[in-house]
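Below: the structure, in structure tokens.
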Amino acid sequence: MPLHVAPAPAPALRSVLTALGSPTAVREARTPSLRAAQGPATPELPLPVHVLDRITPQGLSATRLAGWRFLIRCGDRAVAAAETMLTPDGWAFSHFFEGPYVASTELALKQAESLQQPYQPRLLSVPGLYMLTLWLHGGTTADGAEGHPAATDLLVPLAPAPPGIAAHRPHPVADLVPVLTLRATRLPLLGSPAA
């Protein structure tokens with residue numbers, strides 16, 4: 001089934017296109033792959049980035065939209081990503097980056113294309129666990145900037161995933177939340193003083 005990619009806000013896309021067209025922005029970016037890219041670089045697959053600030057024993061807290069991420073394609077592969085953020089003046093380019101999450105996101109999206117059910121792809125960041133997931137939302141016509149992970153949505157941890165959580169394996173939210181809850185509630189103990 002094809003993925004139903006939500007359209008990014010037009011100002012977010014424009015800000016990325018402007019940054020890509022700026023030799024200064026590309027040259028100063030910490031992305032050797034983008035600087036060395038041959039041929040045109042194009043932003044593709046805009047994904048809303050939601051942040052899950054808290055996981056409690058009762059489950060997930062509300063998510064908040066932190067930005068839109070675009071994979072920057074050059075030729076047949078993504079070489080970097082561009083992040084945008086909401087400012088008081090609207091959507092603006094934030095930065096370019098590269099690293100394992102770029103290739104991992106691209107792989108997870110390709111894998112998601114083979115699923116039988118249609119989904120709307122999003123990213124869900126879980127900062128407390130240093131975890132990023134591809135969030136496959138069942139509401140394909142929903143506003144990508146809003147929403148909460150439904151029990152039937154899928155979360156695909158991106159590599160590198162936290163120890164004990166398999167990367168690139170789709171997990172229903174209802175199955176992964178207990179694992180995340182256990183991990184999140186144990187974290188404060190790691191910093192406790194020894195008795």
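All values reported here derive from a predicted model rather than from experimental measurement. Below, each value reflects all heavy atoms present in this structure, side chains not excepted, and no hydrogens, waters or symmetry copies. Position 1 is the first residue of the sequence; numbering continues from there.
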message: side-chain contact (heavy atoms from CB on, under 4.5 Å) for L129 and I165? Distances and angles first, verdict last.
response: CA-CA 11 Å; L129 297 176; I165 297 176; 5.6 Å; no

message: Test side-chain contact (heavy atoms from CB on, under 4.5 Å) on T18 and F93; report intermediate values, then the result.
response: CA-CA 9 Å; T18 300; F93 171 76; over 6 Å; no

message: Using side-chain contact (heavy atoms from CB on, under 4.5 Å), reason through M131 and L180 one step at a time and then give a plain yes or no.
response: CA-CA 10 Å; M131 181 177 180; L180 299 180; 3.6 Å; yes

- prompt: Is there a side-chain contact (heavy atoms from CB on, under 4.5 Å) between L65 and E146 once you walk through the steps?
  reply: CA-CA 7 Å; L65 181 68; E146 297 178 3; over 6 Å; no

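Side-chain contact between V5 and P121 is present, with at least one heavy-atom pair separated by less than 4.5 Å. T31 is not listed as a side-chain neighbour of I72, based on a closest heavy-atom distance of 4.5 Å or more.
A donor-acceptor pair under 3.5 Å is absent between the side-chain atoms of E44 and the main chain of R73, judged by distance alone. Between the H50 side chain and the G144 main chain, a donor and an acceptor come within less than 3.5 Å of each other. Side-chain atoms of T63 come within 3.5 Å of backbone atoms of G147 as a donor-acceptor pair (strictly under, hydrogens ignored).
In this pair, H137 and W135 present their aromatic rings perpendicular. The plane angle is above 60°, beyond the 30 to 60° band.
At a threshold of 4.5 Å between side-chain heavy atoms, the hydrophobic network of Ile, Leu, Val, Met, Phe, Trp and Tyr places V51 and L86 in two separate groups. M85 and L45 fall into different hydrophobic clusters, where Ile, Leu, Val, Met, Phe, Trp and Tyr are joined by side-chain heavy atoms under 4.5 Å apart, directly or via other members. Hydrophobic clustering (ILVMFWY, side-chain heavy atoms < 4.5 Å, transitive): L124 and L107 are in distinct clusters.
Between Q111 atom CD and L134 atom CG the span is 9.5 Å, to the nearest 0.5 Å. With values rounded to the nearest 0.5 angstrom, L17 atom CG is found 12.5 Å from S22 atom OG. Here the straight-line distance linking atom CG of L123 with atom CG of L155 works out to 11.0 Å at 0.5 Å rounding. Between R69 atom CZ and E83 atom CD the span is 4.0 Å, to the nearest 0.5 Å. Between the CG atom in D153 and the CG atom in L136 there is a gap of 8.0 Å [rounded to 0.5 Å]. Atom NE2 of H168 sits about 11.5 Å away from atom NZ of K110, to the nearest 0.5 Å.
Considering every non-hydrogen atom in both R122 and D143, the closest pair reads NH2-O, 3.1 Å. Summarising the geometry of V16 relative to T84, their closest heavy-atom pair is CG2-CG2, 3.4 Å, with the distance given to 0.1 Å. The heavy-atom pair separating W91 from G67 by the smallest distance is CZ3-CA, 3.6 Å. Shortest non-hydrogen contact noted between A108 and V156 is CB-CG1, 4.2 Å. Contact detail for S15 and A92: the closest heavy-atom pair is OG-C, 3.5 Å. Counting all heavy atoms, side chain and backbone alike, P43 lies closest to L20 at CD-CD1, 3.6 Å.
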